[in-house]
Amino acid sequence: MKLYCLSGHPTLPCNVLKFKSTTIMLDCGLDMTSTLNFLPLPLVQSPRLSNLPGWSLKDGNAFLDKELKECSGHVFVDSVPEFCLPETELIDLSTVDVILISNYHCMMALPYITEHTGFTGTVYATEPTVQIGRLLMEELVNFIERVPKAQSASLWKNKDIQRLLPSPLKDAVEVSTWRRCYTMQEVNSALSKIQLVGYSQKIELFGAVQVTPLSSGYALGSSNWIIQSHYEKVSYVSGSSLLTTHPQPMDQASLKNSDVLVLTGLTQIPTANPDGMVGEFCSNLALTVRNGGNVLVPCYPSGVIYDLLECLYQYIDSAGLSSVPLYFISPVANSSLEFSQIFAEWLCHNKQSKVYLPEPPFPHAELIQTNKLKHYPSIHGDFSNDFRQPCVVFTGHPSLRFGDVVHFMELWGKSSLNTVIFTEPDFSYLEALAPYQPLAMKCIYCPIDTRLNFIQVSKLLKEVQPLHVVCPEQYTQPPPAQSHRMDLMIDCQPPAMSYRRAEVLALPFKRRYEKIEIMPELADSLVPMEIKPGISLATVSAVLHTKDNKHLLQPPPRPAQPTSGKKRKRVSDDVPDCKVLKPLLSGSIPVEQFVQTLEKVSRFRRRRGNSTRGSLSLAHYGPLAAGSGCCCLSLSPQCPVASAWSKVLLGDPGERKWTEECPILPASTRSPEGLSRLKKKLLPHTDVMSGAG
């Protein structure tokens, strides 16, 4: 079993697991932090951004001045933003059988994989994950395509040139593999390959393994996955939460007794309490609005925004802010708010119960009805007519590189009355603000990340007790900025196995058993014999039939019957010709007596030559128990007394028993004297083919 690590971002994973002849991709996250190296895409031409000076090398060479621009001591690429894709050379992605998606943030690279690698498999995800993932992709494509930029930058990607660039461009990873955004046609094609699944639904993969999605408690439809065969179990935990928010709670019980637990998607801000961050968000918002300023909240169109709107619903009246308008601007704003209300079965119990009252599960429905919350596809059209200040604006993109947020940063950035509040932890807010410097507006960092922290992970691992834990290397050491915090890393026994981008990890357990079914008629023919208390043994002659990784023991085919007359048989009556299976006998033999008998027979053969009238094959199988051996005797059908001879050779304690029970021996030979005479008669008919003692 091997794990191929295609992504270096611990919360946007992309791994490939090879397990029992199946190749399974676990998530396909898209690392968007690469966009922080690019200049923003303004909806309206910005004189400030368009007049930035070009960057030159230290020797004065200015051949990169059209690709690289300098702004407030930072160097940015003046081109359409590009994204860092998962590794595509580490493994042939056309061999991937299935892709398992854990949540909508971890499927953003799906079109790159399904449309450009020869992938022909199936993608499995829950319905909310697919629908909200579609919204995120649609918004991303819309943000990029509505601000076309003809200029393309590629010279700076040359490795020799990149080494000469200032940080962070110099340290950027795999820049040659960065790609522009996909199109909506590619998005629709990728989503058409998805098969919807529900929690606890068992999906068979080619009869080899079974995969099952479990609620992870992080977002609508977010899942952990169980990948198991009859005797092995792998758990994939990605983006999980134990906090009580709007999704269904996390299913922990099903993760128990795992051979391997792959752990990704932990919180990116382990020292921040989500409840405390929400309180700080509300207080800073209220303070800004009371002072006559506007609040800008860069966000995704789904996820944390639902919880923020719910908190504001309870807060604005008590804070005397009921007259302050809330604007949600996104090309998919309307769809996002509607989806959150119709996926009731994927919500926590409290919100599910509201549906049957009937009441909307989320309070933002009431905010919309009372005109306290208004949503628009863009800043053009109706928004221009309805816009009034002071206000609170929720819009994207959190990177501040594209989307309507760029316009508001340019519009409000020069006033100290205004505030931008960062709630998404995916991007460094200082790097996001770099191209807007100098900035007069206040910046508040209130990252809200409900995913598991290290304390919760330690408790979880103690409860589910996996044999082995596999995780990104970032989780096995303290953060670089807090190297003394040994509590900010995974602590388990045995120590967790770590991986990094473009690394292949051999998982530390091997398959030991395989399940084989036996047909009833074959089972009826078995005669088990007890070899020690509690353990019985039976020999079986059968045909092993394997199809779709399922194994079945069937009775051996019957020998072809001789045909009489010239009557033609129907095709269905034909029985394939086959050799008659040789019956097998087994038992304990006295080794010394057996060797002496073989020596006698060998001397006799040298005197008489090989006999062709019958044969007896002996194969030694080793000790069944201390002081005994097991001998398998294969008897040819040419000699009718070979069966009797085999029983004679078995010797004590069964010699007398065999001779007494043998049906072909006359009564006169069933005494010790008669047995001795029989041995002399049988020797000329016997050919010892092989043996050991």
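Not a single donor-acceptor pair under 3.5 Å links the side chain of Asn15 to the backbone N or O of Leu26. Side chain of Asn224 to backbone of Ser238: a donor-acceptor contact under 3.5 angstrom is found. Remark: the backbone N or O of Thr450 is paired with a side-chain donor or acceptor of Ser241 at under 3.5 angstrom.
Every side chain to side chain contact (heavy atoms under 4.5 Å, CB included) that Pro168 has, sequence neighbours left out, goes to Asn37. For Lys193, the side chain to side chain donor-acceptor pair (under 3.5 Å) partners are Glu115, Ser189, not counting sequence neighbours. The side chain to side chain contact (heavy atoms under 4.5 Å, CB included) check on Cys391 picks up Asn294, Pro325, Tyr327, Phe387, Val393, Trp412, with sequence neighbours excluded. Contacts of Thr423 classified as side chain to side chain contact (heavy atoms under 4.5 Å, CB included), with partners at least two apart in sequence or in another chain: Phe281, Val297, Leu308, Ile421, Ile448. Considering only residues two or more places apart in sequence or on other chains, Asn350 meets the side chain to side chain donor-acceptor pair (under 3.5 Å) condition with none of them. Checked against ring-ring contact (aromatic ring centres under 6.0 Å, His included), Phe339 has the following partners two or more places apart in sequence or in another chain: Phe343. With sequence neighbours excluded, the residues that form a side chain to side chain contact (heavy atoms under 4.5 Å, CB included) with Ala109 are Cys28, Leu30, Pro86, Tyr112. Partners of Glu87 according to the side chain to side chain donor-acceptor pair (under 3.5 Å) rule, which considers only residues two or more places apart in sequence or in another chain, are Arg501.
Salt bridge status for Arg180 with Glu145: absent, with no side-chain N to carboxylate O gap under 4.0 Å.
Applying the side chain to side chain donor-acceptor pair (under 3.5 Å) test to pairs two or more places apart or on separate chains, those with a residue in residues 170-179 are Ser167-Asp171. Contacts classified as side chain to side chain donor-acceptor pair (under 3.5 Å) and involving residues 461-479 (residues at least two apart or in different chains) are given here: Glu473-Arg500. Sequence neighbours left out, the pairs with a member in residues 235-254 that pass ring pair (Phe, Tyr, Trp, His ring centres under 6.0 Å) are His246-Tyr306, His246-Phe362.
The side chain to side chain contact (heavy atoms under 4.5 Å, CB included) test with Val77 singles out one residue from Leu169, Leu39, Leu165, and that residue is Leu169.
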Atom pairs and distances, side-chain donor-acceptor, residues 430-443, under 3.5 Å, sequence neighbours left out:
from: Tyr436; atom 1: OH; to: Leu400; atom 2: O; distance (Å): 2.5
from: Gln437; atom 1: OE1; to: Leu439; atom 2: N; distance (Å): 3.2
from: Lys442; atom 1: NZ; to: Ser416; atom 2: O; distance (Å): 2.7

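Residues Ser399 and His397 have side chains that bring a donor and an acceptor to within less than 3.5 angstrom of each other.
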